[in-house]
Amino acid sequence: MSTVPVCPVCDAEVHLQGTTIVSELVVCDSCSCMLEVRSLDPLQLAEAPQEQEDWGE
Amino acid sequence: MDRIRTAIVGASGYTGGELLRILLGHPSVEVTQATSERLAGKPVILAHPNLRGRTDLRFTSLSSLAPCDVLFLCLPHGTTARQFDTLAQQAPRIIDLSADFRLKDTVAYEKWYGGPHPAPGRLGEFVYGIPELHREEIRRARYVATAGCNATASILGLRPLYAAGLVQPGRTVVDVKVSSSEGGGVPSTASHHPERAGVIRSYKPTGHRHQAELRQELGLAADEPLHFSATAVDIVRGLLVTAHVFPSRPLQEIDLWKTYRAAYGTEPFIRLVKTKDGVHRYPEPKLLWGTNYCDIGFDIDRDTGRVVVLAAIDNLVKGSGGQAVQCMNLMHGVPETAGLEFTGLHPV
Amino acid sequence: MDRIRTAIVGASGYTGGELLRILLGHPSVEVTQATSERLAGKPVILAHPNLRGRTDLRFTSLSSLAPCDVLFLCLPHGTTARQFDTLAQQAPRIIDLSADFRLKDTVAYEKWYGGPHPAPGRLGEFVYGIPELHREEIRRARYVATAGCNATASILGLRPLYAAGLVQPGRTVVDVKVSSSEGGGVPSTASHHPERAGVIRSYKPTGHRHQAELRQELGLAADEPLHFSATAVDIVRGLLVTAHVFPSRPLQEIDLWKTYRAAYGTEPFIRLVKTKDGVHRYPEPKLLWGTNYCDIGFDIDRDTGRVVVLAAIDNLVKGSGGQAVQCMNLMHGVPETAGLEFTGLHPV
């Protein structure tokens with residue numbers, strides 16, 4: 001059983017669907033970062049670049 | 001299982017009212033008495049209109065206090081300690097929401113509360129009431145002194161870093177933003193609406209006494225400075241702690257996630273809040289109004305390595321009445337979250 | 001003396017509106033044009049209802065801008081610098097309220113404003129617009145870049161201590177409480193009322209770009225850290241800076257009074273506010289709504305020697321439109337307080 005992948009930003013476990021494919025985007029439930037599946041074997045996740053919304057204040 | 005018979009001494013104030021609200025909704029509790037000298041004989045809803053239709057309980061005088069299973073004391077600082085011996089006869093377990101029995105060090109008490117402790121002999125019998133820090137002691141305790149509201153959020157926010165030895169001593173700056181209900185129900189010129197509305201008031205740039213509890217619970221050396229400031233803002237409930245921490249070694253965001261998840265990962269009332277999207281990306285007090293949550297978040301200054309810890313609570317719930325009930329649950333073997341499940345409102 | 005002919009470019013926003021309010025009440029000024037592409041042809045009171053009955057001026061398009069004596073630029077960051085050469089032909093003197101020409105260091109600009117400076121060659125022609133710091137330069141200046149609002153209060157509050165060499169380098173923590181009008185007139189989810197009301201929002205625990213101006217004006221060494229955090233609170237106008245300063249030698253309160261009086265004793269717009277009685281004992285932003293004051297106060301932590309400096313302004317007046325007019329007065333040999341005499345309201 002392959003180990004459960006962890007989010008590269010907050011180290012929380014990331015639960016992938018069985019149907020996950022490479023370069024698919026998934027969201028980490030703990031820190032809501034967008035993650036990109038870089039490879040399946042070995043399983044690698046990387047933070048997907050996100051457009052920084054400027055809060056204006 | 002019989003209901004836990006509870007009484008609230010000094011129930012006409014905001015803290016007493018919040019306790020009443022929570023206890024009346026608690027599955028395993030019966031509220032036998034709510035005392036108030038000022039409003040004795042009057043219905044509790046006179047002081048607590050949010051309880052209309054929920055109870056026809058009337059305030060009683062302290063003199064008519066009958067024995068019960070647990071007594072919640074919501075008396076002014078100093079009064080509790082002076083009357084403790086008589087009150088202690090009424091119940092095997094007592095939870096004190098005043099500041100009288102929070103500090104173990106009577107010298108600290110005298111410094112911050114302006115006079116010798118009225119009942120120093122009793123101090124050793126009390127456990128400091130933050131369950132996330134002292135759960136097993138509270139389970140076995142007869143007497144618990146619940147923590148101050150600013151102290152609760154500051155301690156919960158800072159403790160994991162201090163416990164992991166990640167903090168340069170003497171450099172932490174705690175800058176808490178507080179709301180008007182922290183001042184209690186007694187009006188003053190300072191709380192008069194035309195004066196209080198719209199302020200960003202530096203009411204305690206230095207010398208705020210809640211720092212004494214931080215020193216105790218974070219285990220600061222006697223001579224280690226702690227820099228604490230409080231600013232009152234224009235809301236009624238809630239507080240936010242912004243703690244500026246200078247780490248003993250450079251830290252990455254993931255180090256903080258690991259440290260805080262290790263400390264609080266299984267805590268029912270602590271949520272780690274740091275997201276990259278959405279509107280409320282860090283702990284936000286107004287989302288916690290009426291809940292027993294302490295939301296904790298953090299950020300790292302890429303230029304300087306400074307760690308900014310953010311902690312938000314509802315000062316009347318996790319900072320007062322809710323935490324008292326959380327302790328009561330532990331002391332009576334009832335599920336820790338009983339009566340404390342409200343999840344908060346949004347938008348609010 | 002003829003009236004000073006002034007035009008405002010980008011006049012439909014809050015800053016432009018505040019400038020209009022002040023200039024329309026200024027004894028020596030005539031407002032010739034107020035441009036807005038979005039509202040061109042519409043009466044200014046559509047965007048600025050507080051000016052009803054005061055003016056029947058209509059917004060005009062930038063393309064129809066006519067020559068005048070002084071041009072106030074209230075365009076978004078980046079736009080000003082790109083259009084500066086064309087705009088500069090319309091008036092001998094220009095006061096820019098954007099951030100484009102505040103920083104002398106183009107590397108700092110690129111770091112904080114996310115891209116290379118569009119007109120680096122022009123930087124040397126601008127004076128940084130805080131009269132209390134650069135009065136003589138501003139008198140002689142053709143072009144002035146007014147300071148950011150958070151920067152204005154932080155710099156004015158801290159400068160005397162830094163100038164007197166009383167500050168341990170790298171240890172200052174600046175914790176500013178900001179209001180919603182700082183975000184300008186463009187709505188977003190974050191400023192949507194149900195989300196914005198009642199917050200104590202850690203919107204910039206780190207990385208707030210106004211710190212770049214502090215570094216420049218306080219003369220910090222390139223590698224000297226500055227710890228800056230911003231928390232948004234539930235008011236529309238005003239900001240309070242709480243700066244935690246660790247002095248290079250132990251200071252008494254009297255030292256602070258002397259230092260600040262020596263620096264600001266004769267300043268028309270700076271008041272030292274630290275009283276032992278009354279309700280507002282430290283600088284209080286809401287008392288400054290509509291005024292050009294910067295109130296400064298301080299406290300010393302008896303236990304640790306930490307100096308807490310407090311500085312309050314109205315972000316739209318001394319932090320923006322008012323300071324721009326103050327600079328205009330200096331540049332045109334008009335009394336520095338002309339048009340800026342409003343003394344604020346209480347209770348408010």
Side-chain angles (χ1 to χ4, degrees), chain B residues 170-171 173 175 177 179 188-190 192-207 211 225-229 231 233-240 242 244 246 278-286 289 297-306 308-310 312 346-348, chain C residues 170-171 173 175 177 179 188-190 192-207 225-229 231 233-240 242 244 246 278-287 289 297-306 308-310 312 346-348:
Chain B
R171 293 204 55 198
V173 175
D175 188 302
K177 288 81 181 172
S179 54
S188 69
T189 322
H192 183 47
H193 188 272
E195 302 291 1
R196 182 63 178 76
V199 297
I200 315 175
R201 174 183 293 167
S202 316
Y203 91 103
K204 277 282 185 189
T206 62
Q211 63 187 285
L226 175 67
H227 311 294
F228 194 100
S229 294
T231 308
V233 296
D234 188 9
I235 48 167
V236 172
R237 268 186 191 234
L239 64 87
L240 177 82
T242 311
H244 308 274
F246 300 91
V279 175
H280 303 290
R281 304 183 183 188
Y282 290 108
E284 177 54 65
K286 73 170 187 169
W289 292 346
F298 41 74
D299 192 17
I300 297 185
D301 190 322
R302 261 168 290 285
D303 294 338
T304 64
R306 168 183 55 133
V308 182
V309 178
L310 305 152
H346 172 267
V348 67
Chain C
R171 293 204 55 196
V173 174
D175 188 304
K177 287 82 183 171
S179 54
S188 70
T189 320
H192 183 46
H193 187 273
E195 302 292 0
R196 181 63 176 77
V199 298
I200 314 175
R201 174 183 293 166
S202 316
Y203 91 99
K204 279 281 185 192
T206 63
L226 175 69
H227 312 294
F228 194 99
S229 295
T231 308
V233 296
D234 188 9
I235 49 168
V236 172
R237 268 187 191 232
L239 64 87
L240 178 81
T242 311
H244 307 273
F246 301 90
V279 174
H280 304 290
R281 305 182 179 190
Y282 290 108
E284 178 54 65
K286 75 169 185 170
L287 298 180
W289 291 346
F298 41 75
D299 192 15
I300 297 185
D301 191 320
R302 261 172 294 284
D303 292 339
T304 65
R306 166 183 55 132
V308 181
V309 178
L310 305 153
H346 172 265
V348 67

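All figures in this text were calculated on a predicted structure; none of them were measured in a lab. The sequence lines fix the lettering, A, B, ..., with proteins before strands; numbering per chain opens at 1. Note: hydrogens, waters and symmetry copies are ignored here, and every other heavy atom, side chains too, is used.
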Q: For the pair B:Lys177 and C:Asp175, find out whether any cationic side-chain nitrogen is under 4.0 Å from an anionic carboxylate oxygen.
A: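 C:Asp175 and B:Lys177: salt-bridged.
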Q) Of B:Asp301, B:Asp299, B:Asp303, B:Thr304, which is the lone residue that meets side-chain hydrogen bond (donor to acceptor under 3.5 Å, both in side chains) with C:Thr206? A)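 Of all the options given, the one that passes is B:Asp299.
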What's the shortest heavy-atom distance between [X] and [Y], and which atoms?
| X | Y | answer |
| --- | --- | --- |
| B:Arg201 | C:Val279 | NH2-CG1, 3.3 Å |
| C:Ser229 | B:Arg306 | OG-NH1, 2.7 Å |
| C:Tyr282 | B:Ser202 | CD1-O, 3.1 Å |
| C:Pro205 | B:Val308 | O-CG2, 3.6 Å |
| B:Lys286 | C:Val199 | CE-CG1, 3.6 Å |

Look up atom [atom1] in [X] and atom [atom2] in [Y], then write down how far apart they are to the nearest 0.5 Å.
| X | Y | atom1 | atom2 | result |
| --- | --- | --- | --- | --- |
| C:Leu240 | B:Thr231 | CG | OG1 | 6.0 Å |
| B:Glu195 | C:Leu287 | CD | CG | 8.0 Å |
| C:His244 | B:His227 | NE2 | NE2 | 10.0 Å |

Q. Pick from C:Ala197, C:Gly278, C:Pro225, C:Gly170: which one has the most heavy-atom pairs with chain B under 4.5 Å?
A.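 The residue among C:Ala197, C:Gly278, C:Pro225, C:Gly170 with the greatest pair count is C:Ala197.
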Can you tell me which portion of [X] sits under 4.5 Å from chain B's heavy atoms? Options are side chain, backbone, both or neither.
| X | value |
| --- | --- |
| C:Phe298 | neither |
| C:Val236 | neither |
| C:Arg237 | neither |
| C:Ile200 | both |

Q. Excluding sequence neighbours, so at least two apart, what forms ring pair (Phe, Tyr, Trp, His ring centres under 6.0 Å) with B:His346?
A.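 Ring pair (Phe, Tyr, Trp, His ring centres under 6.0 Å) list for B:His346, sorted by chain: B:His280.
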Q. Heavy-atom distance under 4.5 Å between the side chains of B:His192 and C:Pro347, does that happen here?
A.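 No, side chains not in contact.
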Q.
Counting heavy-atom pairs closer than 4.5 Å to chain C, which one of B:Ser188, B:Ala312, B:Gly198 comes out on top?
A.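 Answer, by heavy-atom pair count under 4.5 Å with chain C: B:Gly198.
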